[in-house]
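A short worksheet on the structure shown next.
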Amino acid sequence: MNTIILSAIFGVVMMFSGIFIHNRSAYKNISSAALLLLLVFNIFESQGSSLFNINTTNFLHFNKFGLLFNSICIFSTLIYVMLSGREIEKAGNNTAEAHALIFFVLCGIGIVTSYTNLLMLFIGIEILSIPLYILTGSDKKNLKGNEAALKYFLMGSFSTGIMLMGIAMLYGSGGTFMLENVVKNGIVSYLSALGMVLIFIALCFKVSAAPFHFWTPDVYDGAPAVITSFMATVVKVAGFAAFIRLIEGRLGSMGSQTDRLIAIVIILTLAFGNLTAVFQQSVKRMLAYSSIAQAGFMLFSLFAVNDAAKEGLLLYAAAYSLATIGIFAVLAKMDDMTLEGFNGLSKSQPLIAALLAIFLLSLAGIPLTAGFFAKFYMLSAVVKTGKYLGLVIIGVLFAAVSAYYYFKVIQAMYFKDGNVVLAPVTARFKYLLLFVAALIVVLGVYPNALLSFLYF
Amino acid sequence: MPITYYIVLSIVLFCIGVVGVLTRRNAIIIFMCVELMLNAVNLLLVAFSKMHNGVAMAKDPASTVGIDGQLFVFFIMVVAAAEVCVGLSIIVMVYRNTHSVDVNFLNRLKN
Amino acid sequence: MSKFVYLVPLFPLIGFLINGLGRKSLSKSLIGLIGSAVILASFAVSLGIFFQVKQEGFQPQVIHLFDFIKVQSFNIPFAFQVDQLSSLFLLIITGVGFLIHVYSTSYMHNEEPQHYGRYFAYLNLFVFSMLLLVLGANYVIMFIGWEGVGLCSYLLIGFWFKNNNYNYAARKAFVMNRIGDVGFLLAVFWILAKLGTVSYGDVFARASTFSTFDVTAITMLLFVGAMGKSAQIPLYTWLPDAMAGPTPVSALIHAATMVTAGIYMIVRSNVLYTMAPTTMTVVAVVGLATAFLAATIALKQNDIKKVLAYSTVSQLGYMFLGLGVGAYTGAVFHVMTHAFFKALLFLGAGSVIHAMGNEQDIRSMGGLKKYMPITHITFLLACLAIAGIPPFSGFFSKDEILAAAYEHNKVLWLIGAITAGLTAFYMFRLYVMTFLGGFRGTHDQEHHLHESPSAMTIPLIILAVLSVVGGFVGIPEAFAHNAHALEHFLSPVIVKSTETAHALDTGTEYMLMAISVGLAVIAIIYAWTRFSKKPEIAEAEGAGKLLANKWYVDELYDKVIANPLVALGGFLKNVIEKSGIDGIVNGVGRGVNYAGRQMRLMQSGQVGNYILLMVLSMVLMIILVFYGNNLNPVLKYFSK
Amino acid sequence: MIPVLLIVIPLVTGLISFFLKEERSAKAFALLSSVATLAVSLISLFQSGDSLSTDASWLPMLGSRFSVSLDGMGKILTLLTAVSFPIIFAATYNNKYKSPNAFYGFMLLTQAGLMGVFCAMDLFLFYFFWELALIPAYFLCSKWGGEKRIPVTFKFFVYTFLGSLLMLVGILFVYFKTPDHSFAISSLYNLALTYGEESFIFWLFFIAFAIKMPVFPFHTWQPDTYEQAPTAVTMVLSGIMVKMGVFAVIRWLLPMFPGASERMADIVMILAVTGMIYASLIAIRQDDMKRLVAYSSIAHIGLMAASMFTGSASGIQGVIFQMFAHGINIIGLWIVIDVIEQQLGTRKFSELGGLAQKAPVLAIMFVIMSFANIALPLTNSFVGEFLMFNSVFNYSIVLGAVACISIILAAVYTLWMVQKVFYGEVANEDRVVLNVPINTQLMLAVLVAVVLFFGIYPQPMINLTSETVTKIIAQIK
Amino acid sequence: MSTTEILFWFLSALALVSATMVLISKNPVHSILWLIIVFFAISGHYVLLNAQFLAIVNLIVYAGAIMVLFLFVVMLMNLNSDSEPQKNSRFKVAGTIAGGCLMLIMIDVIRDAGEVQNAKALVKVGNIGLIKNLGMALFKDYVIPFEISSVLFLSAMVGAVVIGKKD
């Protein structure tokens, strides 16, 4: 409950700081401090001491997994704000409000990682989404941003409609919105099954799984890079947290039908994301497609709802978020976001190039980076189920394809010559980036550093 | 009333909304069709709520089973209101910049 | 003495190392001295061993040096075997080898010091390998020497490496040898597979466990090895080309020693061969065919060394004929005498070439008799020996083989005898064209004609003596009381080689001798009269042209084997590899790219399209879930 | 402790190397580090027992441990790695690289990865090092390679990466089949798989290893990569890295799936033997020294692949021996090629000739290495190839006989190269100046000494590995 | 046919017809007006189902507030039937077919659902829809979502300000 309440409060604080403080660079610091506080309290809660003693039975249940997930999201956001704070200022005139919206999103994340009631899922997802619609369009003069916001909004609300239809059907079948009681006494019917499928589809939309991913490239491409960074990482993995709770609670009982459904979605997502990313010239858009591809991998955790899947999802969330935030932090400082724009970066900015290389390697799932263990856990979760080994093989085939486009960036940075125009970077930025890379490497060698939190 | 009537009615309304989203180009109309979909859901929820209530009332006349369905509808309305607020402001913003709300003109971002 | 047998190959090895490493710092005379001295030392040890072996009741000894390859399933020791056969070969190799080394010190004197050193290093290495070949106590050690001599042959043929034709010849020699080596190797594997050992003692003791198929296959494969090394059909074409090397090398390697390795190997394996009559027949036929074919080619060659080379091939064929008809001793005998007279012929030819300033075409020679008396006399003796004129050595050895062939099959004998006549003819054609008549070379050459220095002539003289008297170690019973000393000597290592030669009665034997000698004499007289008056200097025509061009066998090989292989390589490289395999690999990459490009188009940027696709996917998904399993009620999956 | 040192020394020094500024210090540092590793490796030859293995907790949740150990085969391959690097560094000491610190850093990291692969006794750890060896190699090739290096090495990378990912799936699968959910080699040797599972998983592993080796038809990355990579890296790739695949088959594939290995042996061997002949025939038509040696390497590896699957002691013994021998030989060849390329700027036969007159020592060394390459007796490869051909022949006479054709073809193309490059008249007389640096000569001499020593007296190495072979054979049976 | 049934069919028909009219009206203003009629019809259904609170809220929030907002925006933009170029008919047909398929499939699936086969929605009886009961539940059991939705409104408010504010 700490996260939900405090992030809402901090959101309000940020709103008001926008009124009282006019030094725009201060927002970043306030926001960072608040996030740090949030992180601390969230960790406290995961150790069993909550500030607020509120009876949330029937609506929310805070478990280790959800809270650890919150921690990862908050931590990623903290890194994100510290790395990209200045870019948020540039993305629009309402910096304080943007920070406030980020806090509201975190509030939504707190809900969707802990809901036990479909109502909370619905509200959580909406709290998550509505600020994003706004953030996407926060650079009002940018026509691409406008377009992205409108597309996102229209398609998002459409998917909300679908989800609500699903929830209604589940309710009709079970007479309750409680996750565990959705099925009354184990009697299930076409009605609840249809409802489940509809909710599944809506959540696929939220996590940009194919074939419901179409909004993703356009929105990620159109939104200011700094916002894309947040959307594509923290928010997306939160969607998975919501998803896995749902599947865990309900969809798993549908047996082979579900397996087949998820398998198809996984394959389509991997195929769309990876294949389309191959051809992109803009790194930003490539990352948008790659985020779809990465979602495909995270979907593995839904296929195999077991411990390995949950551990893997945590690790994936951390690895993927940190790496992508790191890349976007640099990308946002570049004039030319195409591949050519990266040519020769290793000459002018050797450290940043090296760190970017680590991030990209992590995304590609190369060992010694956290990305490897993330993928490893995902694959192992599926193999553990003993079903659909072919799915795993398809997964690794596409992982190889993914190396193709990630390495294109590395090639551009290291093996090609060119003049990179990079906005000036501070030493602090570099150190922070270095810290993130170090985290990725540490998790890549010793993932237990993160996962052991799940068990004590 | 048999619940199936309501279900069918809702689904038909819902799908009319879907068709509207698919066939219209005006962002506002599309949004309205989304609202229509939400209303179809609301109707369905209320009907289900009454259905469950009816079953429970047979045993306990004072039962409040099914009330959560109606509360859910309430929350949907709440969310819808918030969504409309944001949505319309986005549409207005787009209109300000492009003087059009035709979604077909929104194709700067593609491929 | 036989304990010290390891010294025999060790001395040449030391010589190789000293000459090889010190070729830049040592003086030429020192190099020559070391090169020859090490062989002499080996010869001395070999002599000691020979006398020890010669004593009655000597049992073959295996001297185990160290384990070469020892894995669970088998053990191949590095061991030497001292017995009658190997000790005899030791003598031939080190003896003839020493003479040729001495000869070389003078013959190669014009080389730069480092090449001079290189030459002697190679030569020492060759002797080392050859000794390894004959000393090895198992097939693998023999194979080591076997390939080692091939290597040295390669190095020495290509000694003047600036000339690409020589390099080509060297490569050809090595590759053809390798083809044979593969056969040898396969035979070794076969033996190893069946018996788990390759040591002669064990193999021969357990040879009876082989099935007929096994033994035939093994002996055939071994014979393939012999074909390569001893230049038999179809692998003989490298030997004439190998004349690109310095002449002493031709004498040592391509006449006296290496090429006889095949004979040695078959004699060594006589136990196996005797068990495989099919192979024996093949050996005899191939040997005889080679003998005849090479003899015909030699008729029309004009290069002094080429004639000798084809003669060598022909004589080797003879030896195989002897092996094929079971006259193992005869073959060994011929190896020995051939080593003497053929080395002598080559050295003589070298002497001539030396004097002629590297001119090898006999059409430009003639009348050298008066300029080079010693060379002339020794060459003539050698020609008589090879032509089979009694009492020169060649007569006895050749006679023994022919007698065995007659016993075996009269057709074989007939062709063999005709070949002997041909031999006599082309040898005397060579002799006459070279030494008799008037000089046909340039004035400049004539001016420089001179007898060779003593370092060259002394080996000639020694070899001439051996060529003359060498035949008496195997003199047949028809002539002497203490006959067949060689056969007696070799009897412990050769099974039932006696019957054939002995079964002939003396009368028949005399008759056969008479016929072959008669043929030879006729041929000699014909050649003498024909060429001393009117030397053959025109280009050959008709059938002669066919012979002069060696039956076009080289061209045939190029067309049938070499060119198709090269073309196949090109096809694989340019088509299969590039378009096929790599094409598939790259095609996958291109396919991914193409798919990416096509899928990208789905991202049209139109919200309507997106939602339409989403709705369609929804419909498909619902259909999949609810009607996917042949419209089975989905409830089945729901009941927990 | 020793295996840990073998891994850690290059790893740490490799990382440090990135921070060295001067070219000279980077070179000297790398050389020093590799010599230290060599010393440790030499010590390992005389050790037995506890000092050869280390077992520490690493990923308890996964059941993977940091378990490294050296057996006979491990000793030989770590020795090969340890010997090769100082030789490579010393022989190419005069080469200039841009950003040398990174170059040497990556080289040392590669070494660490290789060492890890050869020491790992935990399948997951093995996979980890397997990839660790690949990534720096990719950077080395891409950054310091020839003109077409970027696409070529990228193909190499994606190809091998794909293979290792497939292996990862296999690893996961067998992991869940172990009774105690562990990656330890002892558990994996006791897998109880069904017929179908075994056959299927076998291929997942085999393809990964086959790509690495490479076995026909997975080889097409190799000639291009060898051609484009800087020669020092090519030495590592061809000398050691391809042995990873062979090693892995012996260490993991055969013992884990004995049944499938036996069933698939026919297919694998036919592929391997086809590849031998195929690569040899292509080698005949090459005009580039590097490509020729690359194809020759494919042919040699094909033989190893074939004889591994015979399941006979002599075959496996031969393979282990040949891994070392081939590594030494091919590094020798590359060193000479590197000298020629560095000084004359070409590797094309058509532009070379007569170098024996210019650099007799180089010629001699090259000729010896070439003859070692075609397995002439008394060179080290003869022993290995003898054992391997023998085992293939024992397995199938036809396959053995066909495989033996490659002996002839090897002579054809190797001698062709020797003749074209070193013999004949000097091409472009005026511009040919060949100065073979003394360090290169020295290193070549060392290699030649090794070649001859093990050619004449191979028994020590055979003894070293016989225990490993016995164990593996026992496991297969 | 009882009055209830007549009302039901009437309201249903009204809702469907009006909904269709929303789609096919060229003029956005007309669409909005038709939509309001749909909302009225749905509110009628609520009344029929004795969900009086929702009926009122629906009218106030949807028909009253939201639709007026829409109307206001449309008026503001001065959109009329001419300003919307029609989608090409092929696309329309495709959209209609897709939506129709969705409808058919969903109805077909639901038709077989066991628990709704014979179930009835109580009409005119039951008091859960009364404001008193709902209020009790809302502020007792549902206080958490109720409070949390305030965050939603906050963010919507912030959003409206951010987006709508003139820079």
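Values below: all heavy atoms of this structure, side chains included; hydrogens, waters and symmetry mates excluded. Quick note on labels: first sequence line is chain A, next is B, and so on, each numbered from 1.
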| query | Short question: side chain of C/Lys229, backbone of C/Met258 - any donor-acceptor pair under 3.5 Å? | reply | no

Quick check on [X] against chain C: is it the side chain, the backbone, both or neither that has a heavy atom closer than 4.5 Å?
| X | result |
| --- | --- |
| D/Leu387 | side chain |
| D/Gln317 | side chain |
| D/Ile456 | both |
| D/Ser391 | neither |
| D/Trp416 | both |
| D/Phe371 | side chain |
| D/Val158 | neither |
| D/Tyr159 | side chain |
| D/Phe393 | side chain |
| D/Lys420 | neither |

| field | Side chain proximity check, D/Phe321 to D/Ile462, heavy atoms < 4.5 angstrom | value | yes

Does the ring center of [X] lie less than 6.0 Å from the ring center of [Y]?
| X | Y | result |
| --- | --- | --- |
| D/Phe454 | D/Phe324 | yes |
| C/Phe159 | C/Tyr119 | yes |
| D/Phe157 | D/Phe161 | yes |

| message | Applying a heavy-atom distance below 4.5 Å, give me the residues of residues 579-595 of chain C that approach chain D, sorted by number. | response | C/Ile581, C/Asp582, C/Val585, C/Asn586

| query | Within residues 134-145 of chain C, which positions have a heavy-atom distance to chain D below 4.5 Å? | reply | C/Val140, C/Phe143, C/Ile144

| Residue pair C/Tyr168 / D/Gln419, side-chain donor-acceptor N/O under 3.5 Å | no

